[in-house]
There are 2 protein chains.
Amino acid sequence: MSEDVAARVWRGMRGLVLERHERRKEVCDALGMSFIRVKALRLLAPGPLTLRRLAERLATDAPYTTIVVADLERRGLVERAPHPEDRRAKIVSITPEGVTAAELAERILGEPPSALLALDPADLDALDRVIARLLAAGS
Amino acid sequence: MSEDVAARVWRGMRGLVLERHERRKEVCDALGMSFIRVKALRLLAPGPLTLRRLAERLATDAPYTTIVVADLERRGLVERAPHPEDRRAKIVSITPEGVTAAELAERILGEPPSALLALDPADLDALDRVIARLLAAGS
DNA sequence: ATGTACCGTTGTAGTAGTGCAACTAATGAA
DNA sequence: TTCATTAGTTGCACTACTACAACGGTACAT
């Protein structure tokens with residue numbers, strides 16, 4: 001049954017990501033901040049967002065996002081500026097220091113498990129191809 | 001560079017598991033308990049553990065594990081019994097009601113994303129084979 | 001202009017989880 | 001026996017996060 005295979009694959013992927021290679025604590029220790037702040041920083045790395053949009057991406061509400069952003073701003077990692085077209089909104093953008101921190105986070109979180117690095121190149125390519133398809137599919 | 005491929009694959013897997021298909025909230029709502037309790041239940045499903053061992057598996061300390069287990073016991077989902085050989089220790093085991101709850105959690109967490117179910121059977125098999133190898137490798 | 005809706009902020013209250021200290025009971029070694 | 005160690009528990013203090021209410025400033029349609 002291919003549903004069983006899918007279930008086994010899914011369990012396997014979850015196990016790899018969530019149990020064997022959870023780097024949450026490591027990255028929080030390295031950056032000296034809570035995980036939601038790391039997440040915010042990574043979300044802002046590609047480009048500025050309004051606070052509201054950031055809140056959505058963080059799956060939290062605006063009030064808490066204000067606190068997170070204020071803290072990151074205090075650390076000099078992000079900046080808040082009024083939105084040029086909508087003066088109600090503010091755009092939150094990452095600073096050079098923030099980029100450095102975000103890159104460190106990416107390096108820690110993105111470091112592939114050794115098993116993945118040790119994988120046979122053909123297997124790795126197969127994995128790469130299929131994962132790309134999964135990501136391309138909407139959900 | 002195969003390291004780049006590995007990094008891309010790893011990022012993809014993390015994205016799938018952590019961003020696109022995070023079921024934490026869903027399972028907590030369904031079971032009416034915090035995620036660490038769900039985790040404890042799932043850890044106890046295969047067989048009893050001492051409280052200390054459970055604490056290790058939960059990556060938390062003994063005092064908090066006591067609280068979690070006491071709460072699960074109040075709900076009738078686990079039981080505490082004195083260890084037959086070491087009267088300092090207690091063995092925590094899951095009840096039939098606990099098994100039912102754990103199965104529900106497994107069903108929610110283990111439900112593969114639709115993209116995985118829609119995958120070409122050959123791709124799915126390839127994925128299955130490689131994931132199995134990754135899991136077989138220690139880390 | 002006016003009513004409605006939206007954005008960010010402040011505040012408040014509650015839950016979840018972490019970390020540490022101290023205690024009892026039990027084990028095991030000297 | 002005595003002593004160090006371990007298992008579980010209780011308690012406390014703290015951080016992180018969630019959820020909601022309310023407010024001022026702004027946008028926009030009518």
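Residue numbers start from 1 in every chain, and the chains themselves are labelled A, B, ... in the order their sequence lines are given, proteins ahead of strands.
- Salt-bridge annotation for B:Arg75 and B:Asp71: present, with a side-chain N of the basic residue lying under 4.0 Å from a carboxylate O of the acidic one.
- Looking only at atom types and distance, the side chain of B:Arg37 has a donor-acceptor partner in the side chain of B:Ser34 under 3.5 Å away.
- As rounded to whole Å, 9 Å separates atom P of C:dG8 from atom NE2 of A:His83.
- Among the protein residues, A:Ile36 comes within range of the sugar-phosphate backbone only, with heavy atoms under 4.0 Å from sugar or phosphate atoms but none that close to a base.
- A donor-acceptor contact shorter than 3.5 Å links the side chain of B:Thr66 to the backbone of B:Ala62.
- A:Ser34 comes within contact range of the sugar-phosphate backbone alone, with a heavy-atom separation under 4.0 Å but no base atom that close.
- Residue contacts shown for A:Asp61 include a base, since a base heavy atom lies under 4.0 Å away.
- Of the residues near DNA chain D, A:Arg37 and A:Glu85, the one whose nearest nucleotide (by heavy atom distance) lies more toward the 5' end is A:Arg37.
- Within 4.0 Å (heavy atoms only), A:Thr65 reaches no atom of the nucleic acid at all.
- Of the candidates C:dC6, C:dT9, D:dT18, C:dC6 carries the atom nearest the A:Arg88 side chain, counting heavy atoms from C-beta on.
- Mapping A:Phe35 and B:Val69 onto DNA chain D by nearest heavy atom places B:Val69 closer to the 5' end of the strand.
- Counting to the nearest Å, the P atom of D:dA16 and the CG atom of A:Asp71 are 8 Å from each other.
- Rounded to whole angstrom, the span from the CG atom of B:Asp86 across to the P atom of C:dT27 amounts to 6 Å.
- The residue A:Arg53 sits apart from the nucleic acid: no heavy atom pair falls under 4.0 Å.
- As judged by a 4.0 angstrom heavy-atom cut-off over every strand, B:Ala62 is placed among the base-contacting residues.
- Nearest to the side-chain atoms of B:Arg80 among the listed nucleotides D:dC20, D:dT9, D:dG8 stands D:dT9.
- A residue-by-residue look at A:Lys25 and A:Ile91 shows that A:Ile91 has its nearest nucleotide of DNA chain C further toward the 5' end.
- Here the side chain of B:Arg80 pairs no donor or acceptor atom with the backbone of B:Val92 at under 3.5 angstrom.
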